[in-house]
Amino acid sequence: MGAILLKNIVAEGVVSDVLLDGGLIGRIVPAGEQISLPEEVEVVECEGKTLMPGLINMHTHAGMALMRGVGEDIPFHEWIDRIWVLEKNLDEEYVYYATKVACLEMIKTGTTTFNDQYWYMPMAYKAASELGLRAALSYVFLDKNDPEESERQKVQALQMYEASREWADTAQLVISIHAIYSVREPMILWAADFARQRGLKIHIHVSETEKEVADCMAQHGGMSPVEYLDSLGILGPDVIAAHTLWLSDKDIEILAKRGVTCVHNVNSNLKLASGYRFRYNELRDAGANVCLGTDGCASSNNLDMLETMKTSAIVQKAWRNDPAAMPLNELIAMATSNAAGALGLNAGKIEEGALADLLIIDTDNHNFLSPGTFEANLVYSAHSDCVDSVICNGRFIMRNRVVPGEKEVLAQARRVLNRIG
Ligand SMILES: [Zn+2]
């Protein structure tokens with residue numbers, strides 16, 4: 001892998017030269033300072049541009065990228081039933097191209113890593129690695145209370161685990177337990193044990209809707225989903241809990257005590273009318289790790305993390321009647337370093353030795369022409385087309401907004417588009 005020298009780029013507010021080597025950030029020095037360069041190095045002039053860590057989408061279903069708009073204006077339980085009907089017709093080729101479209105969109109909107117939960121996971125691995133993205137990819141347990149299906153999934157999980165041992169280091173296998181309402185208790189226990197014996201993270205939807213919480217309390221002696229999962233010994237620092245929207249004070253205390261990562265998916269929650277009072281301040285103050293996600297395109301319709309950041313902050317400010325409810329530095333951390341920590345990656349920061357997963361932001365436009373900070377302009381003023389170039393694992397995966405092979409991906413996706421309709 002060739003080294004890259006980003007010349008005259010603003011890094012942490014200072015015009016710098018940044019050397020990327022071996023997939024890592026090698027050196028960061030003030031622009032023009034002499035540094036020893038590797039023999040083969042590509043020098044890229046970046047005047048007028050700013051370097052920032054790549055964004056990390058902590059909850060998505062990339063294979064749903066061709067399901068935009070399939071369930072508009074209906075309640076969550078009708079929406080999920082509709083999705084499950086469509087998903088009966090999925091095949092490998094469909095998921096492969098749908099994930100490629102998702103990867104394309106993520107790259108163009110500044111995401112360098114995504115935490116995914118979908119079917120035909122080897123296809124997601126193929127798609128993500130071909131486009132150069134880093135990914136946490138799930139084997140998904142979802143037995144819909146069918147013991148025969150549980151047995152089939154146990155066998156398949158083991159096969160997927162064996163296959164994942166051959167993966168490049170840009171991908172990690174995660175075990176997903178879809179949700180407490182879609183997976184039987186013995187399966188939940190088995191899946192968590194399977195993950196922990198192998199040091200894999202666990203990804204699960206938790207307390208997404210008010211109905212999920214009410215149903216759980218009725219079924220499990222008054223316990224909320226968080227209390228129920230804790231009673232099973234499932235919660236720990238290796239757990240990534242998507243949504244965590246309907247939380248009691250006790251739930252928050254448990255999530256923080258167990259070191260669970262909570263992923264806020266504001267656009268999906270708003271659009272499915274699941275709720276909007278995500279208790280960010282309480283989770284943060286209790287010490288929980290909070291990150292951001294888009295959810296899949298069937299609910300949030302896009303995978304744009306900058307849009308997610310802006311909506312998260314303005315909704316939080318509005319419902320709490322507090323403009324300081326989600327400060328910019330915390331918002332950026334949620335989309336970068338908090339997420340990297342949850343996935344065990346030395347990323348999400350501009351630091352020598354960290355993974356070179358980076359964005360080059362074009363600030364030479366009206367959105368950034370202000371005395372405001374880069375972060376303020378990025379989140380509240382700009383759109384994701386300010387992402388000029390994307391580097392993942394030390395190599396360009398988008399340059400000057402061009403992703404190699406984009407047209408071909410769209411053409412192939414168009415071909416499989418109606419397979420599920
Ligand atoms: Zn989801």
Side-chain angles (χ1 to χ4, degrees), residues 56-72 74-87 90 95 98-99 102 105-106 111 113-121 124 135-144 174-183 188 191 201-213 216 225-226 229 239-247 260-276 278 290-305 307-308 311-312 334-335 339 342-343:
I56 303 181
N57 186 347
M58 281 298 279
H59 177 70
T60 189
H61 311 280
M64 299 175 104
L66 303 179
M67 292 185 195
R68 298 168 211 255
V70 296
E72 303 302 345
I74 52 176
F76 178 84
H77 58 277
E78 280 180 38
W79 173 86
I80 201 164
D81 284 344
R82 185 173 294 183
I83 297 302
W84 284 346
V85 168
L86 294 176
E87 287 184 340
L90 290 181
V95 172
T99 310
E105 182 184 358
M106 287 191 271
T111 289
T113 298
F114 65 110
N115 181 37
D116 196 43
Q117 185 186 100
Y118 211 57
W119 309 112
Y120 298 109
M121 183 256 293
L137 302 168
S138 285
Y139 180 77
V140 189
F141 285 95
L142 199 166
D143 62 9
K144 296 181 189 163
V174 169
I175 293 301
S176 271
I177 299 166
H178 178 263
I180 57 166
Y181 57 83
S182 52
V183 188
I188 294 176
K201 308 280 183 226
I202 297 169
H203 184 186
I204 179 168
H205 293 93
V206 180
S207 299
E208 178 174 0
T209 63
E210 198 173 15
K211 182 176 182 301
E212 175 187 335
V213 176
C216 178
V226 171
L229 286 166
V239 172
I240 298 160
H243 299 292
T244 51
L245 182 60
W246 291 89
L247 300 178
V260 172
T261 287
C262 299
V263 186
H264 183 32
N265 297 274
V266 69
N267 284 313
S268 168
N269 297 154
L270 288 172
K271 197 150 145 305
L272 291 170
S274 302
Y276 59 92
F278 179 73
V290 184
C291 302
L292 300 174
T294 58
D295 214 344
C297 281
S299 56
S300 73
N301 297 48
N302 72 32
L303 305 170
D304 188 328
M305 284 291 288
E307 181 185 293
T308 297
T311 316
S312 298
M334 288 158 79
L343 293 174

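This is a predicted model, so every value here is computed, not measured. Order of appearance sets the numbers: ligands from 1, and atoms from 1 within every ligand.
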Leu303 side chain near Phe114 side chain, heavy-atom distance below 4.5 Å: no

Shortest-distance N, O or S atom of His61 relative to the Zn ion (ligand 1): NE2

For the Zn ion (ligand 1), the closest N/O/S atom belonging to Asp295: OD1

Metal proximity, Glu208 vs the Zn ion (ligand 1), N/O/S cut-off 2.8 Å: no

Donor-acceptor under 3.5 Å (Trp246 side chain, Ser274 main chain): yes

Heavy-atom check, side chain of Ile56 versus side chain of Cys291, under 4.5 Å: no

The Zn ion (ligand 1) contact by His243, N, O or S atom under 2.8 Å: no

Enclosure of Lys144 NZ (heavy-atom neighbours >12, cutoff 6.0 Å): yes

